[in-house]
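Below, chain A is the first sequence line, B the second, and so on; all start at residue 1.
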Amino acid sequence: MIVMKQVNVMGDKIEIPDDQSLYELAKKLEKNEALGALVNGELQDLREQPPEGAEIQFVTYEDSAGKHIYWHTASHVLAHAMQYYMDGDLKLAIGPPVDDGFYYDFDLPRNLSEDELENLEGIIQQIIQRGIPIERYSCSVEEARQKFKESGAEYKLELLDELDGEPSFYRQQDFEDLCGGPHLMSTGDLGVIKLTKLAGAYWRGDETGPMLQRVYGVAFQTETELEEYEKMLEEAKKRDHRRLGRELDLFHISEEVGPGLIIWHPRGAEIRQEIENYWRNRHREEGYRSVRTPHLAQEELWEVSGHLDHYKQHMFPRMEMDDRNYRVKPMNCPFHMQIFNSRTRSYRDLPIRYAELGTVYRYEKSGVLHGLLRVRGFTQDDAHIYCRPKQLEEELQQLLEFTTEILSTFGFKDYEIFVSTRPDDYVGSEDRWELATNSLKNALEEAGLDYDIDPGEGVYYGPKIDLKIRDSLDREWQCSTIQVDFNIPERFDVAYVDEDGEEQRPIMIHRALFGSIERFFGCLVEHYGGAFPPWLAPTPVWILPVDPANREYAEEIAAQFRNENINSSIQPASESLGKRIRTAIKQKIPYAIIVGSDEEEARSVEVRTYGEEESNTLSVDEAVQRLRQIIDSRQPITPLG
RNA sequence: GCCGGCGUAGCUCAAUUGGCAGAGCGGGGCUCUUGUAAAGCUCAGGUUGCCGGUUCGAGUCCGGCCGCCGGCUCCA
């Protein structure tokens, strides 16, 4: 007799035999594209049998959960291929799916080279073509341990020790791996796999541990999807700020000056200056006072601040002069403490907000430098807010609002927010850390902003809120940061006189909204693909006289723009008009204004807006006024007509 | 710092097995009275990242260093 049970598949109640698997159910319902299923909200393997009354939702390659299953199986196939390729002489570490594909970490007897990836891809395709069924089985921890000991699988042994419950294995012919799954039913369910990168990776991310070899890959159902993916990478490359920095003549980094040190060219420096002007104005409006501090300070200052104890590995070495020892500053805060301490402060003065575009220098390991996004010398849009404990929450909320406003001015809406908690190396008491962390979380919740926790990623003196912006390749870069600090004020013995005449310790907030101008600028270049909005563009207008005879008229127009404080540049007719238009487009000039005899007679201009095929004609006055408006309101590139 | 890759003119890239370092763009000069994504001619431009080695001969092969790219670790 067949025992039946009822399940609920995407809203339909269905009777199925008790021993029917999700796979059989999917087949019956002709859901052939199902890769796994959410059973009562939990992602499961199609091999599972759903319990009575289960809510079942099949997932496909279109769902991120489905992609993860797909990629996870792809990583096993990669490991299987490697097992053949290395003739079994390898140790497996881990091979998870990630945001845009998968990887597998191996311990191999020799170092792989990049052109061997193609060989591996060949073996992978064979494994896929053979359509090897993938089976799952479980065993006791003891059995698994015995198995790993016999095969010398030291990494798996270590993973086993941390496993809760019964270990499960996935096996495809002569390859098997300790794995929680879920996985596809057969290697034949995979389409095309491309191995993308070969890299070193420390076992469990531990610098002191063994270095493994990591192979990254992507997997797609069709060849076409792979081609699209490759095209997307090509497009992302065109937005790379390092490439655009050169093409648009914004900045460069020179081996002679030194790695991680930025040389700003006029166009880059002018855009930066606009950003800074905006920043200064908004900060003045928000009640910040401007300060400026030196690039060097005696070592004692860094002893008091704790930097020499906790931050030394990032600091450039000592300079000795006249029996004094100096250090280049890696942070601005100790100086701002000095300003606060330069006289007695009353509770009436608080909150005090000191802001500085402070250039700092930090030693970063050579392997991590990356264009403008990771450098050794950079300018923080730094500020320190001193407030009474009861003012903290309000300050934080105001700050979050300020931060999101600043970012949205530059068109950034997609960022991720993290609260970084107490690291291993910290100063101060645990309950203060907790208090500070909670106030950060509260402020975020009050503001209705979603966030994740970055455990142990706080600075030594306090927890922080970080906002991360993605670059053209979707890599995240920490920009805005808001940090609560109970510790450095104590170290500098910072105090104010309270209403009752007693000295009180203020709470300090460190904050940088761009984070660093360099990094922010780099993200901004990629965000706009180099096509800066008119208010930022160093030269928003190019004027192109059709004929040398129209030069004078072009100059009149330039003068009119100049009167409205708008920078323009006349591109003389020594080159063909087509050529100059082409150059304007390649240089991503917001507006190319074309003036020939027709325009001269009508006292008009023809405006070709960047990104538009069509141009439009309007009077000179209209064009100037309209552009002035666009600049004042910080609009993106918009047709003038 | 670690693993893998790369380094030829300002930029993008060529240069058979080791055999005279080249092109396009960009730059300078000249010509062209030029209407919507590249006018023509011409000239200049290089210690092939640096140092050492092998060789009759090295851009090419070997070693060391530096820098860059992709990851790891770390971070604004």
Candidates B/rC72, B/rA76, B/rG1 - which lies nearest the side chain of A/Tyr363: B/rG1
Give a yes or no on whether a salt bridge exists between A/Arg282 and A/Glu405, defined as a side-chain N under 4.0 angstrom from a carboxylate O. yes
Using the rule for Phe, Tyr, His and the six-membered ring of Trp, do A/Trp477 and B/rA76 stack at under 5.5 Å and under 30°? no
Cation-aromatic face contact A/Lys468/A/Phe418, 6.0 Å, 45 degrees: yes
Between B/rG26 and B/rA9, how far is it from one C1' atom to the other, in whole Å? 11 Å
Provide the distance between the two P atoms, one in B/rA76 and one in B/rU8, to the nearest whole Å. 34 Å
Under 4.0 Å between any heavy atoms, over every strand shown, what does A/Arg608 touch: base, sugar-phosphate, or nothing? Just pick one. base
What base-paired stems does RNA chain B take part in, with at least 3 consecutive Watson-Crick or G-U wobble pairs and both distances under 3.5 Å? B:1-7 with B:66-72, B:10-13 with B:22-25, B:27-31 with B:39-43, B:49-53 with B:61-65
Listing, residues 540-553 of chain A side-chain donor-acceptor contacts under 3.5 Å, not counting sequence neighbours, or none:
| residue | atom | partner | partner atom | Å |
| --- | --- | --- | --- | --- |
| A/Asp547 | OD1 | A/Ala549 | N | 2.8 |
| A/Asn550 | OD1 | A/Asp547 | N | 3.0 |
| A/Asn550 | ND2 | A/Glu600 | OE1 | 3.1 |
| A/Arg551 | NE | A/Glu555 | OE2 | 2.8 |
| A/Arg551 | NH2 | A/Glu555 | OE2 | 3.2 |
| A/Tyr553 | OH | A/Ser604 | N | 3.0 |
| A/Tyr553 | OH | A/Ser604 | O | 2.8 |

The side chain of A/Ile594 is closest to which nucleotide in this list: B/rC69, B/rA76, B/rG35? B/rG35
Among the nucleotides B/rG1, B/rA37, B/rA76, whichever has the atom closest to the side chain of A/Glu207 is B/rG1
Would you say A/Gln571 and A/Thr583 are linked by a side-chain donor-acceptor pair, where the criterion is simply a distance under 3.5 Å? no
Relative to the ring of A/His510, is the ring of A/Tyr461 parallel (under 30°), tilted (30 to 60°) or perpendicular (over 60°)? parallel
Carboxylate-amine/guanidinium contact A/Lys329 A/Glu356, below 4.0 Å: yes
Per atom distances to the A/Asp547 side chain, the nearest of B/rU33, B/rG35, B/rA76 is B/rU33
Residue mapping more 5' on RNA chain B - nearest nucleotide basis, A/Gly258 or A/Lys365: A/Lys365
Between B/rC62 and B/rG67, how many Å separate the two P atoms, rounded to a whole number? 22 Å
Is any side-chain heavy atom of A/Tyr591 closer than 4.5 Å to one of A/Ser568? no
Short N/O separations, protein against nucleotides 45-47 of chain B, under 3.5 angstrom:
none

Strictly by ring-ring contact (aromatic ring centres under 6.0 Å, His included), give each pair with a member in residues 231-272 of chain A just once, sequence neighbours left out. A/His252-A/His265, A/Trp264-A/Phe521
Give each protein N/O atom lying under 3.5 Å from an N/O atom of nucleotides 4-10 of chain B, with the pair distance.
| residue | atom | partner | partner atom | Å |
| --- | --- | --- | --- | --- |
| B/rG4 | OP1 | A/Asn111 | ND2 | 2.3 |

Let me see the working for A/Glu526 and A/Arg470 under salt bridge (charged side-chain N to carboxylate O under 4.0 Å, His left out), right down to the final yes or no. CA-CA 9 Å; A/Glu526 304 202 350; A/Arg470 290 176 185 277; over 6 Å; no
Regarding A/Arg204 and A/Glu162, does a basic nitrogen lie under 4.0 Å from an acidic carboxylate oxygen? yes
Between the protein and nucleotides 39-44 of chain B, list every N/O to N/O distance that falls short of 3.5 Å.
| residue | atom | partner | partner atom | Å |
| --- | --- | --- | --- | --- |
| B/rA39 | OP1 | A/Ser576 | OG | 3.2 |
| B/rA39 | OP2 | A/Ser576 | OG | 2.3 |

When you compare B/rC74 with B/rG27, how far apart are their C1' atoms, in angstrom units rounded to a whole number? 43 Å
Would you call A/Tyr155 and A/Pro210 a side-chain contact if the rule is heavy atoms closer than 4.5 Å? yes
In terms of side-chain heavy atoms of A/Gln380, which of B/rC75, B/rC72, B/rA76 is nearest? B/rA76
Say we look at B/rU48 and B/rU31: how far apart would their C1' atoms be, to the nearest angstrom? 36 Å
The nucleotide from B/rA76, B/rG71, B/rA37 with an atom nearest the side chain of A/Lys197 is B/rG71
Between B/rG35, B/rC68, B/rA76, spot the one nearest the side chain of A/Leu369, thanks. B/rC68
Side chain of A/Ile581 only, heavy atoms from C-beta on: which candidate in B/rC69, B/rA37, B/rG35 is closest? B/rA37
Check whether the side chain of A/Arg362 and the base of B/rC74 form a donor-acceptor pair under 3.5 Å. no
Under 4.0 Å, heavy atoms only, any strand: does A/Gln587 hit a base, just the sugar-phosphate, or nothing? nothing
Output the single nucleotide from B/rU33, B/rC68, B/rC74 whose closest atom is nearest the side chain of A/Pro259. B/rC68
Please evaluate the base of B/rC72 for a donor-acceptor partner in the side chain of A/Arg204 within a cut-off of under 3.5 Å? no
Keeping A/Gln213 on the side-chain end and A/Arg110 on the backbone end, is there a donor-acceptor pair under 3.5 Å? yes
Taking the same atom, C1', in B/rC11 and in B/rG45, what whole-Å distance lies between them? 13 Å
Roughly how many Å apart are B/rG10 and B/rG28, using the P atom of each and rounding to a whole number? 15 Å
What one should report as the nearest heavy-atom pair of A/Arg243 and A/Lys237 is CD-O, 3.4 Å
Checking contacts here: which listed nucleotide (B/rA76, B/rG70, B/rG35) is nearest the side-chain heavy atoms of A/Thr481? B/rA76
Give me the distance, rounded to whole Å, that separates B/rG46 from B/rC32 when you measure between the C1' atoms they each carry. 33 Å
